[in-house]
Number of protein chains: 2
Amino acid sequence: MEGSLKPMDAEQLREYGHRMVDFIADYYKSIESFPVLSQVKPGYLAELLPESAPNDPECLQDVFDDILQKIIPGITHWQSPDYFAYFPSNSSTAGFLGEMLSAGFNIVGFSWVTSPAATELEVIVLDWLAKMLKLPNQFLSTGPSGKGGGVIQGTASEAILVVLLAARDKILRKVGKKSLEKLVVYASDQTHSALQKACQIAGIFPENLRVLKTDLTSNYALSLEVVSEAISSDLSAGLIPFFICATVGTTSSAAVDPISELGKIAKAFNMWFHIDAAYAGSACICPEYRHYIDGVEGADSFGMNAHKWFLTNFDCSVLWVQDRSDLIQSLSTNPEYLKNKASLFFPSVVAPRTFSLVCFRLIPPPNDQDNGYKLNHSLLDAVNSSGKIFLSHTVLSGNFILRFAVGAPLTEDRHIKTAWQVLQEQATTLLKDY
Amino acid sequence: MEGSLKPMDAEQLREYGHRMVDFIADYYKSIESFPVLSQVKPGYLAELLPESAPNDPECLQDVFDDILQKIIPGITHWQSPDYFAYFPSNSSTAGFLGEMLSAGFNIVGFSWVTSPAATELEVIVLDWLAKMLKLPNQFLSTGPSGKGGGVIQGTASEAILVVLLAARDKILRKVGKKSLEKLVVYASDQTHSALQKACQIAGIFPENLRVLKTDLTSNYALSLEVVSEAISSDLSAGLIPFFICATVGTTSSAAVDPISELGKIAKAFNMWFHIDAAYAGSACICPEYRHYIDGVEGADSFGMNAHKWFLTNFDCSVLWVQDRSDLIQSLSTNPEYLKNKASLFFPSVVAPRTFSLVCFRLIPPPNDQDNGYKLNHSLLDAVNSSGKIFLSHTVLSGNFILRFAVGAPLTEDRHIKTAWQVLQEQATTLLKDY
């Protein structure tokens, strides 16, 4: 970029942001002029780029020229009106603006406190979408059981993986973890390969994935007879059927599995039933298509890709479950540095500073009951509640430790000095009452 | 949005995009005026939003007002100069522009053909970054072995998961898949909880994750004695040590494990050795910090988060491996609809059209050797090579089938008609020579 390094200067962001908006709008104006499928040969780009990262910055116009000459020839234009491959992956002006805003905030929402709006908006909007799909109440976070709800995944493949893991651990808690080799999964030969990958990751034995044959007589939908026979035969062999995956709108031919009946079979044998409506789910919002997911109340989990056919940028795959505790049991850990509202002044540095992280605590008065654990906890709470600075914490050798991580592009000396003042003030106040 | 639905109109995108740029630039100008840690109480947002999705659109100014009044109070401002929690998650103007461009193209790069630039740029830039870090050549895609290379993951947690899966499957191929219960993983009690989660997902028995104690005497780094003793003891008990995870810059205190020596131990016992430098990896680009990853040549895999301290928007976690075939064996599937450069004119619709996907094939001349498999393959190649339209394919009941998926926001009737013409022309040409 031109001039000195200003990694996140508001006015430079404004100027360059405007130029990028024009570049992208111009791209959409001319999108039909490009070959929709990239015509380059493998390895084309290595011939156009240097072998090492350039040492000096380029001006933005040179970056645009590079994109036009070197990158766009290697793009397959998913947003082109001449794109009829795979499934649509639709963007929209609203979707694009949402991506911009999200990139602008650049928050990391790994827990509620790291940005409450992120967690709460996800829950609320997924309830909205569930209502649009007329999903039964038990899939809502506000449903009668209080146990359901939706969560955004990257892709439908990720959704299948997390529910398969939840189902695996649920059955293993019952039959013992050494029975992994007996667990059997059922789906049709039209099911997305994501299921096979999920089985590989979860350690399901490859010979225990039943890829049941379909043909034109059932329009490539799973046959109930075939499923029932497979389950019976596996039960006789001492195996444990535990997961059925149905698809509404298969990848190959948009076939629809008989979900009402599959739900009944799953229930009869106490199996997890997942419905993958990655592509066709969006259509089922329309009353005339809703009947394709009749029977969804029999499913433990239901997923669709908003990024396919719902005008939302890639990636936004939506997953609802009837009982989120299964997912939480399977996928949660609870480390100290992620606990919060959990909650110096003789601070002591408690671990050597190697990079940009300073670990310290307030030394407690002599004979303090818990050697300053509560005291430092209170200090963290007080400092963070001020809204002036935000620190996190950890526990080292049983002591409650404050973590001061420096490194935001906008941070200057004065912010560090202010932070030090805030810490001093809050610590002084605390120690007065101690 | 105002006016009629134009999901991806270039001029509306331009107008609204400019307004969003100004909104974001103004946010950065005023970022210090907000409490850096959100001060809302759990459940705050449900009180501010309707119970169902609104039926009518809002004008953009109302959307901005909602963001200011309802969303920003629930944001914890990761880009604020007063943010010292967890680790930095830095954005920059360059990072933001990259996100905008990526959102503008909105491509899905799941295979080379779906946008060659995406795959090739990732490989090239990760080689650049590996050179900046002075990683040994065997981590480069252009290295002497031809087996190494880098790949972008969402988070360091995902990176740990994929290498753990690769390591698990590699050892199980040797000792048999029923030995899962004997596999043992080693790390310190300062290792990120991602390792515990990865073990849960991979089915490693919880009692076989060795969380080895550290303390201030080693500055919270893993002790070699403790590791060696644990391995010996597990071997005597008939268990199978297979994975060591070291950290350069732990989450709690930025501690650095002794990676040279751990690499030697891993090699001696034929274990996979992963280095998680999620936070501190960026610093190791600087010559004065590079010594912290001395010994990286003994690692099978090495990861760092560009989104933490390298001015790249969340999420961009970078993972290098010495042998990518381990990852590929563990995580790949090879379904028909993803094969490409793989390859009507009496087209027949071969599966009922339920949603927006039409499946068809060209009926071959009588006595065609493979019932039109090659013919339809050639048609797909010819059509896609024209650059005018892009279709994909599948195989149903042994027949090669073309998939025509309609649904891009910019697609109008005329694009479908043109597509039909292109198909007719290419099919006619093909059948002439048949």
Side-chain angles (χ1 to χ4, degrees), chain A residues 7 10 13-14 17 20-21 24-25 28-29 35-38 45 53 71 74 76 78 81-82 84-86 88-89 91-93 97 99-100 103-104 106-108 115-117 120 128 193 196-197 203 252-254 280 333 335 351 355 357 359 384 387 389-392 394 404 407 410-411 415, chain B residues 7 10 13-14 17 20-21 24-25 28-29 35-38 45 53 71 74 76 78 81-82 84-86 88-89 91-93 97 99-100 103-104 106-108 115-117 120 128 193 196-197 203 252-254 280 333 335 351 355 357 359 384 387 389-392 394 404 407 410-411 415:
Chain A
L13 178 78
R14 190 191 308 273
M20 183 57 88
V21 165
I24 292 167
Y28 275 93
K29 282 193 87 155
V36 52
L37 174 66
S38 169
L45 193 57
I71 300 301
T76 291
W78 283 69
D82 299 314
F84 303 103
Y86 309 106
S89 173
S91 189
S92 63
T93 299
L97 296 179
E99 289 290 317
M100 280 178 72
N106 198 33
I107 54 175
V108 187
S115 270
E120 298 198 9
W128 286 0
S193 60
Q196 184 196 333
K197 187 182 285 198
S252 276
S253 67
T333 56
F355 302 102
L357 175 68
C359 292
N384 285 344
I389 56 174
F390 180 29
L391 273 67
S392 52
T394 191
F404 189 82
L410 291 172
T411 300
H415 296 102
Chain B
L13 177 79
R14 190 191 308 273
M20 183 57 88
V21 165
I24 293 167
Y28 274 93
K29 283 193 88 155
V36 52
L37 174 66
S38 170
L45 193 57
I71 300 301
T76 291
W78 284 69
D82 299 314
F84 303 103
Y86 309 106
S89 174
S91 189
S92 62
T93 299
L97 296 179
E99 289 291 316
M100 279 179 72
N106 198 33
I107 55 174
V108 187
S115 270
E120 298 198 10
W128 287 0
S193 61
Q196 184 197 332
K197 187 181 286 196
S252 275
S253 68
T333 57
F355 301 102
L357 175 68
C359 292
N384 286 343
I389 56 173
F390 180 29
L391 274 66
S392 52
T394 192
F404 189 82
L410 291 172
T411 301
H415 296 103

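Per chain, numbering begins at 1; letters A, B, ... match sequence-line order.
Atoms CD and CD, on B:E99 and A:E99 in that order, are 7.5 Å from each other to the nearest 0.5 Å. To the nearest 0.5 Å, the span separating OG1 on B:T333 from NZ on A:K197 amounts to 5.5 Å. If you take OH on A:Y28 and CG on B:L410, they are separated by 7.5 Å, rounding to the nearest 0.5 Å.
Residue B:E120 touches chain A through both its backbone and its side chain, counting heavy-atom pairs closer than 4.5 Å.
Options B:Q196, B:M100, B:K29 differ in how many heavy-atom pairs under 4.5 Å they form with chain A, and the most are formed by B:M100. Among the candidates B:S89, B:G203, B:P81, the residue making the largest number of heavy-atom pairs closer than 4.5 Å to chain A is B:P81. Of the listed residues (A:I107, A:I24, A:N106, A:L45), the greatest number of heavy-atom pairs within a distance under 4.5 Å of chain B belongs to A:N106. Interface remark: of the candidates B:V36, B:L391, B:I71, B:V36 forms the most heavy-atom pairs closer than 4.5 Å to chain A. Note on A:P88, A:P116, A:A10: by heavy-atom pairs under 4.5 Å with chain B, the leading option is A:P116. Among B:A117, B:P35, B:G17, the residue with the largest count of heavy-atom pairs under 4.5 Å with chain A is B:A117. Of the listed residues (B:A254, B:S38, B:A103, B:S115), the one with the most heavy-atom contacts under 4.5 Å to chain A is B:S115.
Nearest heavy atoms, B:D82 versus A:H415: OD1-CD2, 3.3 Å. What you find for A:V21 and B:L13 is that their closest heavy atoms are CG1-O, 4.3 Å. Here the closest heavy-atom approach between residue A:N384 and residue B:L37 is recorded as CB-CD2, 3.3 Å. Taking each heavy atom of B:T411 and A:F84 in turn, the nearest pair found is CG2-CE2, 4.0 Å. Between B:C359 and A:S253, the closest heavy-atom pair is SG-CA, 3.5 Å.
Taking the six-membered ring for Trp and thresholds of 30 and 60 degrees, A:F390 and B:Y86 have ring planes more than 60 degrees apart, a perpendicular arrangement.
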